Every structure is written in C-alpha cells, then in structure tokens.
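Comments concern the structure below.
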Amino acid sequence: MLAYTDTSQLGGADLALSYVLERLDPRFEVAVAGTDAAIVERVAAGRKGASATVVRPPTSGQDFRCLAAHLRTFRALEPDIVHVSLASPWSCQYALAAAGLLRRPVVAVYQLPRPALGRGQRLARRLTSPAVTRHVGVGERTSREVEILLGLARGSVTTIHNGVPDESLDPPERPVPGPIVGSMGRLEPQKGFDVFLRALEDVPAVAAVLVGDGSRRRELNELSSRTGVADRVLWIDWSDERRSYLPWFDVYVLPSRFEGFPLALLEALLAERAVVAADVGSVREAVRDGETGLLVPPDDPAALAKAIARLLEDEDLRRRLGASGRRLVLDTFTADHMTRSFEHLYDEILP
C-alpha cells in the first residue's frame with residue numbers, strides 16, 4: 001500500500017494516517033510518499049519497515065514536471081492500492097492523476113469539506129475524480145458535504161470516522177490554582193481561538209491554556225491584551241506531548257468555525273474532560289449535546305461563555321459528561337476501530 005499526503009504542516013489528517021499505518025495488519029507492505037520531507041518521515045515513523053519518498057511539489061496549477069515526478073515515483077513503488085489523505089477535497093491532485101494514469105485502485109480520504117478557491121481547483125478535481133475507486137469521509141456530515149462539493153451521488157462517500165489511541169497521561173505540575181479551561185490546535189482562523197478569547201471576558205476568575213502554533217499567534221496575543229484577559233492566558237507550543245496537558249483542563253473548548261472530525265476533540269473526550277464544542281462539521285457525532293458534552297453555535301462568544309460557566313459551576317455535570325465521552329470514544333472512535341474499517345475497505349477493493 002502506498003500512503004500519500006501533500007500537506008506541509010502537521011495536522012489531524014497526517015496523524016490519523018500515521019495511526020492507521022501503525023496498526024495495519026502486517027500482511028500490508030507500506031510505502032509513504034508526499035511533498036514535504038518532515039511530514040512524510042513523521043507519517044512513516046510509526047510503521048516499522050515503511051519506506052519514505054519525497055516527491056517534487058507543484059509550483060503552479062498546471063505543473064507537468066510535478067506530474068511526471070509523481071508518475072515516476074508511483075511506477076517505481078508499484079503499489080497494489082493507493083491511500084490518499086486529502087486535507088481538503090482539492091488537494092493531492094497530482095497523486096490522484098498519477099494513480100489514475102497507472103490504473104491503481106485509490107482510496108481518497110477527505111478530512112475537511114471546504115469550497116474550492118477557484119475554477120482551476122474545480123476543473124482539476126473533475127479530471128482526477130474518475131481515478132478514485134472509493135471516496136471516504138471522516139464523519140457522516142463530512143461525507144454528505146463532500147458529495148455536494150464534488151457533485152457525487154448521495155451515499156457514494158463511505159464514512160470511516162477518525163480515531164485516536166487511548167494513552168496514559170502523565171501531566172506536568174498544574175500551572176495555576178483554580179479552574180482552567182483549555183484548547184489545542186493550530187493558531188489559524190479556522191480554529192476560532194479569537195472566539196474563545198472573547199468568551200473569556202465573560203468568564204472571570206478562570207485561567208485559559210492554549211496549546212498550539214500557527215500564523216495568528218501574534219494577532220491572538222494582541223486580542224488577549226485588548227480584551228483584558230492576557231494575564232489569564234498561558235500559551236504552550238505544539239508538541240507530541242500535547243495530550244499530557246489535558247488533565248489540567250476542567251473544561252475543554254473546541255471553538256472552531258469549521259471542522260471535519262477533529263482528533264483533538266476525541267483526545268479530550270478520552271481524557272474524560274467536559275467538552276464545549278462549536279456545532280460544526282461532524283463534531284456532533286462525538287459531542288452529543290447534554291450527553292457527552294455541550295454544543296454551541298459557531299462564532300458566538302456569548303453562547304460559548306455561558307456553556308463554559310455552566311460546566312464550571314456544576315462539577316457533577318462535568319464528571320458525567322467526561323465519563324460518557326470516554327465510553328463513547330472507546331466504543332466507537334479509537335484508532336483500532338478506524339484501522340479495521342480501512343482494512344475491510346482495502347480487502348473489498350483488492351483482487
């Protein structure tokens with residue numbers, strides 16, 4: 001199996017792919033290819049014996065040298081099946097084209113259903129779509145949204161939910177006394193951390209922890225100063241140890257503007273954290289309002305603040321939601337569940 005990614009910043013799509021490769025049955029020989037050396041090596045690291053190949057990235061929308069490089073790589077690796085991890089429905093076009101030209105079966109996995117940036121992306125996708133043997137979305141709502149975006153028949157996108165491993169957590173010493181609300185993710189507009197900071201204005205006497213890196217770090221710092229919450233916010237850089245901070249959080253917040261089925265949310269539920277999440281993408285498939293967490297409208301600081309305050313005031317509710325959330329993930333959304341589902345799909349496709 002050839003696993004392919006064209007991302008340049010480590011995110012949930014690559015982590016989910018690495019979890020699958022790590023747990024995949026030994027009968028599968030795995031190769032990993034992509035356009036960023038660090039990402040390719042990170043994804044391949046979990047699979048003993050997996051090869052890692054970096055392919056020339058595109059420099060334009062119609063880069064025939066890039067297509068030729070992908071063709072050479074795919075031909076040399078001779079995969080029986082190609083698993084393409086798409087951060088958006090419009091990514092990985094050169095990999096899809098190469099696999100199609102070589103007539104290799106393709107599983108295309110869509111993480112985030114986002115509209116195309118222009119006609120060029122839509123045209124490229126129409127040309128490469130016939131190369132895809134099976135379309136997969138990481139959540140039910142995500143799958144239906146991908147069908148609409150790509151003009152696919154309803155029900156043609158199979159759902160295989162993202163999953164995460166259950167890990168024991170060894171948290172550092174708690175940084176401050178009193179309640180802590182926290183979140184993890186890339187510091188980008190999608191993740192809505194500006195909404196979180198504005199919500200903190202209406203939740204006094206609580207500290208916030210934000211674990212992540214991204215292009216909006218300075219902007220978010222400035223917003224925390226303008227809103228008067230800077231002295232209550234602790235910033236922590238993203239790392240492989242990010243989950244160790246989860247036991248600090250009395251409430252975990254997912255303030256995103258749009259999502260697929262985020263891994264960080266599943267990690268928080270596994271850690272038995274009480275969750276407040278924006279009702280976007282496939283989030284409600286894990287955060288069942290009042291059962292495994294609380295849902296709020298996206299881009300609504302007032303609603304987010306009200307839900308956070310409700311949980312901070314009710315310890316019994318926090319414990320009940322946390323316990324139910326952990327049970328749900330263990331029953332349905334682990335990395336093992338995800339991997340077994342992909343194995344069944346591969347077996348349906350392979351001769």
Side-chain angles (χ1 to χ4, degrees), residues 139 161 163-185 191-193 195-211 229 232-234 236 242-256 259 261-298 300-334 337:
H161 285 95
V164 295
D166 187 21
E167 298 178 355
S168 59
L169 304 179
D170 184 18
E173 184 178 353
R174 194 175 175 90
V176 293
I180 295 176
V181 296
S183 191
M184 305 188 301
K191 297 299 183 179
F193 289 125
V195 181
F196 184 19
L197 292 174
R198 293 185 187 281
L200 286 177
E201 293 185 82
D202 296 325
V203 190
V206 63
V209 173
L210 289 175
V211 182
V229 301
R232 295 193 278 135
V233 179
L234 174 62
I236 298 177
R242 68 194 179 281
R243 292 176 71 170
S244 65
Y245 303 110
L246 285 169
W248 287 354
F249 304 165
D250 297 284
V251 176
Y252 183 87
V253 179
L254 184 89
S256 301
E259 283 288 357
F261 195 62
L263 300 190
L265 173 63
L266 300 179
E267 292 170 349
L269 291 170
L270 268 181
E272 295 191 70
R273 299 303 89 191
V275 169
V276 177
D279 187 7
V280 293
S282 291
V283 166
R284 66 166 47 237
E285 292 160 39
V287 181
R288 300 172 181 176
D289 195 35
E291 179 184 344
T292 62
L294 301 180
L295 291 171
V296 296
D300 191 336
L304 184 60
K306 184 177 179 181
I308 292 171
R310 177 186 172 190
L311 289 179
L312 291 175
E313 293 167 0
D314 192 335
E315 183 177 357
D316 289 340
L317 178 59
R318 293 201 307 271
R319 289 179 175 173
R320 177 171 62 80
L321 295 178
S324 297
R326 177 172 171 80
R327 284 196 300 271
L328 175 65
V329 176
L330 288 175
D331 288 345
T332 314
F333 303 129
T334 65
H337 284 102

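Just so you know, these numbers come straight off a predicted model, no measurement behind them. Hydrogens, waters and symmetry mates play no part in the numbers below; they use all other heavy atoms, side chains included.
Residues V283 and A277 come closest through the heavy atom pair CG1-CB, 3.7 Å. The minimum heavy-atom distance between A305 and D202, with the atom names listed, is CB-CB, 3.8 Å. The two atoms that bring D300 and V195 nearest to each other are N-CG1, 4.0 Å, heavy atoms only. Closest heavy-atom contact between L312 and P179: CD2-CB, 3.9 Å. The shortest heavy-atom contact between Y245 and V211 is CD1-CG2, 4.1 Å. Taking each heavy atom of R174 and G178 in turn, the nearest pair found is NH2-O, 2.9 Å.
Counting heavy atoms from C-beta on, the side chains of I236 and W248 come closer than 4.5 Å. Taking the side chain as every heavy atom from C-beta outward, V296 and K306 never approach each other to under 4.5 Å. Within the 4.5 Å cutoff, side-chain heavy atoms of L311 are placed close to those of L321. Looking at L330 and D166, their side chains come closer than 4.5 Å, going by heavy atoms from C-beta outward. Inter-residue side-chain proximity for V253 and I308 is flagged as met; some heavy-atom pair is nearer than 4.5 Å. Between L328 and R288 there is a side-chain heavy-atom pair separated by less than 4.5 Å. Counting only heavy atoms from C-beta outward, the side chains of H337 and T332 never approach each other to under 4.5 Å. Two residues are said to be in side-chain contact when any heavy atoms from C-beta on lie closer than 4.5 Å; S183 and Y252 meet this criterion.
Atom CZ of R326 is separated from atom OG1 of T292 by 14.5 Å, given to the nearest 0.5 angstrom. For the atom pair CZ (R318) and CD (E272), the distance works out to 13.0 Å, reported to the nearest 0.5 Å. The distance from atom CG of L197 to atom CZ of R232, rounded to the nearest 0.5 Å, is 10.0 Å.
Not one N or O on the side chain of S244 forms a donor-acceptor pair closer than 3.5 Å with the backbone of P172. Put simply, the side chain of R284 never gets that close to the backbone of D279: no donor and acceptor are under 3.5 Å apart. Between the side chain of R243 and the backbone N or O of L169, no donor-acceptor pair lies under 3.5 Å. Not a single donor-acceptor pair under 3.5 Å links the side chain of R242 to the backbone N or O of M184. When atom types are taken as modelled, the side chain of R310 and the backbone of L317 share no donor-acceptor pair closer than 3.5 angstrom.
For CG of D170, the number of neighbouring non-hydrogen atoms (other residues, nucleotides, ligands) closer than 6.0 Å is 12 at most. The local environment of CZ in R319 is sparse, with at most 12 non-hydrogen atoms from other residues, nucleotides or ligands closer than 6.0 Å.
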Practice task
Given side chain to side chain contact (heavy atoms under 4.5 Å, CB included), test L200 with V181 step by step and report yes or no.
Solution key: CA-CA 9 Å; L200 286 177; V181 296; 4.0 Å; yes
Problem - From CA spacing to verdict: side chain to side chain contact (heavy atoms under 4.5 Å, CB included), L210, F196 - result: CA-CA 10 Å; L210 289 175; F196 184 19; 3.5 Å; yes
Problem - Verdict with reasoning, V229 to E201, per side chain to side chain contact (heavy atoms under 4.5 Å, CB included) - result: CA-CA 7 Å; V229 301; E201 293 185 82; 4.3 Å; yes
Problem - Stepwise side chain to side chain contact (heavy atoms under 4.5 Å, CB included) check, V276 with L304 - result: CA-CA 7 Å; V276 177; L304 184 60; 3.5 Å; yes
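With respect to L265, the side chain to side chain contact (heavy atoms under 4.5 Å, CB included) criterion is satisfied by exactly one of L270, V164, V287: V287.
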